[in-house]
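Written out below as structure tokens is the structure these notes cover.
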Amino acid sequence: MPDFHPGEWVESAVDWLQGHLAWLFDFINSVLTGLYDGVNAVLGGGEPLLMAGIFAVIAFWLRGLLGAVATFLGFALIDSFGLWSDAMSTLSLVIAAAVITIVIAVPLGIWAARNKAVSGVLRPVLDVMQTMPAFVYLIPGVMFFSIGTTPGLIATIIFAMPPGVRMTELGVRQVDGELVEAAEAFGTSPRETLTRVQFPLALPTIMAGINQVIMLALSMVVIAGMSGASGLGERVYAAVTQVQVGLGVESGIAVVILAMYLDRMTGALNQRVSPLGRRAAAKAAAAMGSLRFVRYKPGTAVALSGVVVLALVAGGINIAGSGDDDTAGGGSSNVGKGQKVSMGYIPWDEGIATTYLWKELLEQRGYKPDVKQLDAGPLYSGIAQGDVDFQTDAWLPTTHEQYWSKYKSKMEDLGAWYGPTSLELATPKYVKGIDSLEDLKGQGKKFNGKIIGIESSAGEMKILKDKVLPEYGLEGEYDVVSSSTSSMLAELKRSYQKKEPVVVTLWSPHWAYNEYDLTKLDDPEGAFGEGEKLHTVSRKGFSEENPTVASWLSNFKMTEDELTSLENEIQNAPKGQEQEGVKTWLKDNPDFADKAAPVPGGDVKKGKDAGKPVNMGFFPWDEAIATTYLWENVLEDRGYKPNVKQLDPGPLYTSLAQGKMDFQMDGWLPTTHEQYWKKYGSKMSDLGAWYDETSLELSTPEYVKGINSMEDLKGKGDLFDNKITGIESSAGEMKILKDVLKEYGLDKEYKVVSSSTSSMIAEVERSVKQKKPVLATTWSPHWVYNKYPLKKIEDPKGAWGEGDSIRVTAKKDFKKDFPELHGWLKDFKMSEDDLNSLEAEIQNGAKGEEKKSVRKWMDERPGLVDKLAPVK
């Protein structure tokens, strides 16, 4: 038979749908997520015991006193497990899925019952929906809707729909045909026959179908957890993959309580809504005689009143407590101010450790992190689609190569925090004669022909199967058993305790090498490849939207001792309480939090001259504005009292020479400010250059053709109205420009119009918008070249002179008066990228709030104050 792979067609179809119907999937996602969020807001918004009371009142109405007591005790038990929020998320998921399923299934079932052709078409479709493994539905679900609630909802709806359709069709078909004929004989319309005869009589069967829909929906909670939906499914999935028996039992009991409640309530609801059910309930109550009170059920109005009262009390408590939500995150450490951050992790030990470490750090800094456990495939897909902000356990360039190659254009690499690592197979040291991968040859029976692996999606598993086993001739002799990291470790522990031979997939660093006496099997052929580094990767645009967190993650580093000790602390913590282990570790490492996540602008270290007033001057050039306000912020953080004044260059240099001004950041030397330095240099001090090298020039828009050099301006004066738009008349560039024009014979043809830097830029902006020629005095570096399509006019004769450096110039006795600040300024350097980004931040900010804009720029660079102004 020829090869036939319909899966490839499906993949192609998925790719096409993603590219052409993204808007539709976004709409569906919004609707489903909105429905789930609405239900969850209601169920999860109240105090647990009050909500348990509401559920008990509903049970009292439907099942009687015993049902109410059992309901309250069951939900109180869930609360005692600390799983209330997860249980309400799961219940919200079930209700949302059930509502959608019922709305679709009941009409389809009625249509099928009244039309044999429709029934014939639906039957095989329903067979496929019900028998297809539910996990398969997650694949297109994650591809179309990314991770989260929606893929779980889609899978649940598809899986739960068949019994709803079939039971509805069965119920309608089972209505006595003679009754239908009698109704038609009396002239009843088909619609009235359905609504007044068939549907009421079929209602018990339809309600049984609805019951099955709800129960099947609840059975899908683990599937929803695998796709990133919150709730008990996420807890169960974590318990399974990490072998957390206690958490698994508690989560399982919570699921059972929900299942029993939903089953009993939907079953009893039939007695309330069905005429046949009400008749049967009345007979049962009459048969109880004097014990009738045990089965007493309040009327609908009474039950509704009880629900409303409890709901109002719960709502009042929420309103009263809402003002205290963010008090814990106040103060200088409240950097995030409640901003949500989504984190994902693969259940590998270093991933668990660093994820919960950053969860704790972000909470301490005022953020609201949301953590999801996922397999590698859904995790990378979620990051690429923007539903997960970042993850800290990307093994690159080898283990996760397949995911990075596929999604790297939609992600950002925030850098490596650990490395190099190594991948390996390991076996206990009591297994003698097995020291290398070569030694495994012919020893398959000793290990039952098995290598205990981890998640099948892990890159190490692919390398092991595709490279390592073929390289050492172990194919056919060994079967790689895919499981999970926790299952592999559990098998290692079991075998180690029994002194049985076992070979497992491991990596370094890993706490297992400290816990057990293991042998790393040598890889003489290098089949596993070179050591990797552990990277933090984020969604595209995360650094721009969350610069502070991105900066923390980019600078994040951990040593092997720090990582393994953190992993061990988490291992020793109660299962399911990883963050408690992190808190214990942070107490033992008190400086780590401030080092990993420094509070922007929150440095409380004071300089040696704290309290001293410092007079700073600047003239309104962009780099001067930027660096002056930068240092004003830095000095305030260090306890100085800076006083900033704007002056023209002449008065500013005069003030420095007279000692009335302490320093300024924008000395263009040796050319632009040569006249001032010649006049006042002996009465000033030069603290050195912080930027090299600048250039002065004329510029014109790129759409002005034929003007590329100063020589091209000859005879073209009419094109520019015979004028050059200049800046401040006191600027050195303006003086040099006159000599430049003479050098090229342009002094008679062009008039230099003195204005100001801001006026020059405004003229450039106006001309560019109107596509008019303009000739302006500019210099580099300057943000104007990034904002407008300008070209620098070449100076083949070098009339402008060589480029300047930008220097800090100060009064004569500056070093004596400010020794600490003198050292900071002498060491100050700034790159072109940093300067441009700082200038751009100021341009984007409100006018007159330059200092605030600079502070925002600084906040995006934690640790900057320590770098610029270190306090010893």
Side-chain angles (χ1 to χ4, degrees), residues 618-625 646-653 666-668 671-676 694-801 803-804 806 839 842-843 847:
F618 72 98
F619 32 91
W621 292 4
D622 292 282
E623 71 284 346
I625 294 170
Q646 176 183 325
L647 298 165
D648 275 351
L652 177 54
Y653 276 94
D666 206 30
W668 284 55
T671 306
T672 307
H673 290 164
E674 178 185 11
Q675 56 179 320
Y676 305 112
T694 67
S695 64
L696 305 177
E697 59 256 351
L698 295 184
S699 63
T700 190
E702 292 179 353
Y703 55 74
V704 179
K705 304 302 182 183
I707 306 294
N708 301 303
S709 167
M710 293 293 298
E711 295 171 332
D712 297 332
L713 292 174
K714 188 73 172 177
K716 300 292 180 63
D718 292 342
L719 184 63
F720 301 100
D721 293 331
N722 298 102
K723 69 176 183 179
I724 297 172
T725 303
I727 52 174
E728 294 79 6
S729 59
S730 58
E733 182 176 9
M734 294 289 282
K735 181 176 182 298
I736 297 169
L737 177 58
K738 294 179 181 179
D739 296 332
V740 171
L741 296 180
K742 288 181 180 178
E743 179 70 27
Y744 287 96
L746 304 173
D747 52 320
K748 304 295 184 183
E749 187 176 356
Y750 291 88
K751 178 183 177 182
V752 179
V753 180
S754 301
S755 60
S756 66
T757 302
S758 56
S759 297
M760 177 272 292
I761 293 173
E763 179 65 17
V764 168
E765 182 175 13
R766 185 187 66 81
S767 300
V768 168
K769 286 181 178 179
Q770 298 177 5
K771 293 289 184 181
K772 289 184 177 180
V774 65
L775 195 58
T777 54
T778 51
W779 57 93
S780 299
H782 200 290
W783 57 267
V784 72
Y785 288 108
N786 293 327
K787 188 169 184 179
Y788 305 109
L790 298 182
K791 57 183 174 182
K792 299 177 183 180
I793 297 178
E794 296 176 3
D795 174 24
K797 296 182 180 181
W800 282 109
D804 282 334
I806 307 178
E839 290 180 358
I842 293 172
Q843 290 297 317
K847 295 298 181 184

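From a predicted model like this one, the values you see are computed outputs, not experimental measurements.
Nearest heavy atom pair, residue E697 against residue I793, reads CB-O, 4.5 Å. Residues I736 and A799 approach most closely at CG2-O, 4.3 Å, considering heavy atoms. For the pair Y744 and G798, the tightest heavy-atom approach, listed with the atom from each and the gap, is OH-N, 4.3 Å. Minimum heavy-atom separation, Y676 to G650: CE2-CA, 3.7 Å. The two residues D666 and W621 come nearest to each other via the heavy atoms OD2-CE3, 3.4 Å. The shortest non-hydrogen separation linking H673 to G667 is ND1-CA, 3.7 Å.
The side-chain heavy atoms of P789 and V768, taken from C-beta on, include a pair separated by under 4.5 Å. Counting only heavy atoms from C-beta outward, the side chains of W779 and E623 approach each other to under 4.5 Å. Within the 4.5 Å cutoff, no side-chain heavy atoms of K751 are placed close to those of N722. Between L713 and Y750 there is a side-chain heavy-atom pair separated by less than 4.5 Å. When side chains are defined from C-beta on, V753 does not count as touching T725, because their heavy atoms never get closer than 4.5 Å. Using a 4.5 Å cut-off on side-chain heavy atoms (C-beta onward), W800 and L737 make contact. Between P796 and S709, some side-chain heavy-atom pair lies under the 4.5 Å cut-off. In this structure, the side chains of L790 and P701 come closer than 4.5 Å at one or more pairs of heavy atoms.
Within the model, atoms CG of L647 and CZ of F618 stand 8.5 Å from one another, a figure rounded to the nearest 0.5 Å. The structure places CD1 of I761 at 10.0 Å from OG1 of T778, a figure rounded to the nearest 0.5 Å. Here the straight-line distance linking atom CG of D622 with atom CD1 of I842 works out to 8.0 Å at 0.5 Å rounding. Rounded to the nearest 0.5 angstrom, D648 CG and S756 OG are separated by 10.0 Å. Interatomic distance, E728 CD to T757 OG1, rounded to the nearest 0.5 Å: 3.5 Å. Remark: N708 CG to E794 CD distance equals 6.5 Å, nearest 0.5 Å.
Within a 6.0 Å sphere centred on NZ of K797, other residues, nucleotides and ligands contribute more than 12 heavy atoms.
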| said: Does D804 form a side-chain hydrogen bond (donor to acceptor under 3.5 Å, both in side chains) with T672? I'd like the steps, not just the answer. | reply: CA-CA 7 Å; D804 282 334; T672 307; 2.5 Å; yes
| task | Give the intermediate values and the outcome of side-chain contact (heavy atoms from CB on, under 4.5 Å) for residues L775 and K723. | result | CA-CA 7 Å; L775 195 58; K723 69 176 183 179; over 6 Å; no
| field | Full working for side-chain contact (heavy atoms from CB on, under 4.5 Å) between I724 and L741 | value | CA-CA 11 Å; I724 297 172; L741 296 180; 3.8 Å; yes
| said: side-chain contact (heavy atoms from CB on, under 4.5 Å), that's the test. Do E733 and W668 meet it? Break it down for me. | reply: CA-CA 10 Å; E733 182 176 9; W668 284 55; over 6 Å; no
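Applying the salt bridge (Lys or Arg N to Asp or Glu O under 4.0 Å) rule to pairs touching residues 702-717 yields nothing, sequence neighbours excluded. Pairs of residues two or more places apart, or lying in two chains, that qualify as salt bridge (Lys or Arg N to Asp or Glu O under 4.0 Å) and include a residue from residues 753-774 are E763-R766, E765-K769.
Taking the six-membered ring for Trp and the full ring otherwise, the centers of Y788 and H782 sit at least 6.0 Å from each other.
Side-chain N/O atoms of K791 and S699 include no donor and acceptor closer than 3.5 Å.
T700 contributes a side-chain N or O that, together with a main-chain N or O of V774, makes up a donor-acceptor pair within less than 3.5 Å. S755 places a side-chain N or O within donor-acceptor distance of the main-chain N or O of G726, the cut-off being under 3.5 Å.
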